Amino acid sequence: MRNLSGKIYFASDCHFGVPTKAASAKREKLFISWLDEVKSDANYIILLGDIFDFWFEYKHVVPRGHTRLLGKFAELSDLGIKFIYFTGNHDFWIRDYFSEEFGFEIIRKPTVFTINQKKVFIGHGDGLGPKDSSYKIMKSVFEAPVNRWLYARLHPNFAFWLAGKVSSGSRAANGDNDEKFHGEEREWLIQFARKKLETEHYDYFIFGHRHLPLSIALNEKSTYINTGEWIKSFSYAHTEEDKIVLTKYVTE
């Protein structure tokens, strides 16, 4: 179990790249402003996936754009801030670009950390829980090394065009941000967390993916946090003394 200490920030689901270049750039600048604020005291920044609406790395080619954000990642890494990047369902084809260029640690599955003496279960959140069996099958197909290899054989122009067509149906691309809380019994990530607590204690569960900022007490000693998104809510979580709290980024 990894041990982390100090000031730690968590963010997810920016989906940079959609719905338009201009709209994405506006949100990206806001996220960069947030990074500029937290760099003064951050020891770690944990990104919980879907930072980009699509990311695919060829051996010598990475997606065009996001120059200011990538530059900010380099700046903060050079300052000594450690980044941990959990891949999501939109950016799971990240390879080694972020680790080689910025020193990011890339994690591809839920992982347990000790954070300031608290036991914390962290992941993007996709494919967990009792439902969504069709997505779990699709994910296993996309993550298969042979399919990654086959996709890399496509010319980048066609590959990114095809990805854009597929992504155009996503909720981020279409501005479908009306996710509503329908009760704990219908939130499958909460159900997943409760099931885990039946056999082992965790102080916190922290996920993204849901696009709904939530902080819910599972019992007297355990809390579920969803970091929300940077499309409408602009929410994130962070350590505060011996707690982890959810908040929103507010600008003047």
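For this chain, numbers begin at 1 and follow the sequence in order. Here the structure is a predicted model, which is why all the values come from computation and not from measurement.
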Checklist entry - Is any side-chain N of the basic residue among Arg194 and Glu185 closer than 4.0 Å to the acidic one's carboxylate O? => result no

Checklist entry - Between Tyr9 and Trp34, what is the ring plane arrangement, given parallel below 30°, perpendicular above 60°, and tilted in between? => result perpendicular

Checklist entry - Any side-chain heavy atom of Ile190 within less than 4.5 Å of one from Phe205? => result no

Checklist entry - Does Arg95 offer a backbone N or O that forms a donor-acceptor pair with the side chain of Glu57 under 3.5 Å? => result yes

Next on the checklist: Same cluster or not: Ile81 versus Ile244, using hydrophobic residues (I, L, V, M, F, W, Y) connected whenever any side-chain heavy atoms lie under 4.5 Å apart?
Outcome noted: no

Next on the checklist: Is there a path of hydrophobic side-chain contacts, each under 4.5 Å between heavy atoms of I/L/V/M/F/W/Y residues, joining Ile84 to Phe92?
Outcome noted: no

Item to check | Note: Glu187-Arg210 ion pair, threshold 4.0 Å (strictly below) | outcome: yes

Item to check | Greater than 12 external heavy atoms within 6.0 Å of Lys119's NZ | outcome: yes

Checklist entry - Okay, side chain of Gln191, backbone of Glu184: is any donor-acceptor separation there less than 3.5 Å? => result yes

Checklist entry - Are Tyr204 and Phe121 near enough that their ring centres are under 6.0 Å apart? => result no

Next on the checklist: Quick one about His15 and His211 (side-chain donor to acceptor, distance below 3.5 Å, no hydrogens or angles considered), yes or no?
Outcome noted: yes

Next on the checklist: Does any part of the side chain of Asp203, heavy atoms only, come nearer than 4.5 Å to the side chain of Thr223, both counted from C-beta?
Outcome noted: no

Checklist entry - Is there a donor-acceptor pair under 3.5 Å between the side chain of Asn219 and the backbone N or O of Ser222? => result yes

Checklist outcome for this item: side chain to side chain donor-acceptor pair (under 3.5 Å) pairs touching residues 238-247, sequence neighbours excluded, are Lys7-His238

Checklist outcome for this item: Applied to residues 65-78, the side chain to side chain donor-acceptor pair (under 3.5 Å) test, sequence neighbours excluded, yields Glu28-His66, Asp36-Lys72, Lys39-Glu75, Lys72-Glu75

Considering only distance and modelled atom types, tabulate donor-acceptor pairs under 3.5 Å from the side chains of residues 109-118, sequence neighbours left out.
from	atom 1	to	atom 2	distance (Å)
Thr111	OG1	Lys109	O	3.0
Asn116	OD1	Gly6	N	2.9
Asn116	ND2	Gly6	O	3.1

Checklist entry - Between Phe234 and Tyr249, is the ring centre distance below 6.0 Å? => result no

Item to check | Least distance between heavy atoms, Ala193 atom then Leu218 atom | outcome: CB-CD1, 3.7 Å

Item to check | Option among Asp50, Asn89, Asn226, Asp13 that satisfies the side chain to side chain donor-acceptor pair (under 3.5 Å) test with His209 | outcome: Asn89

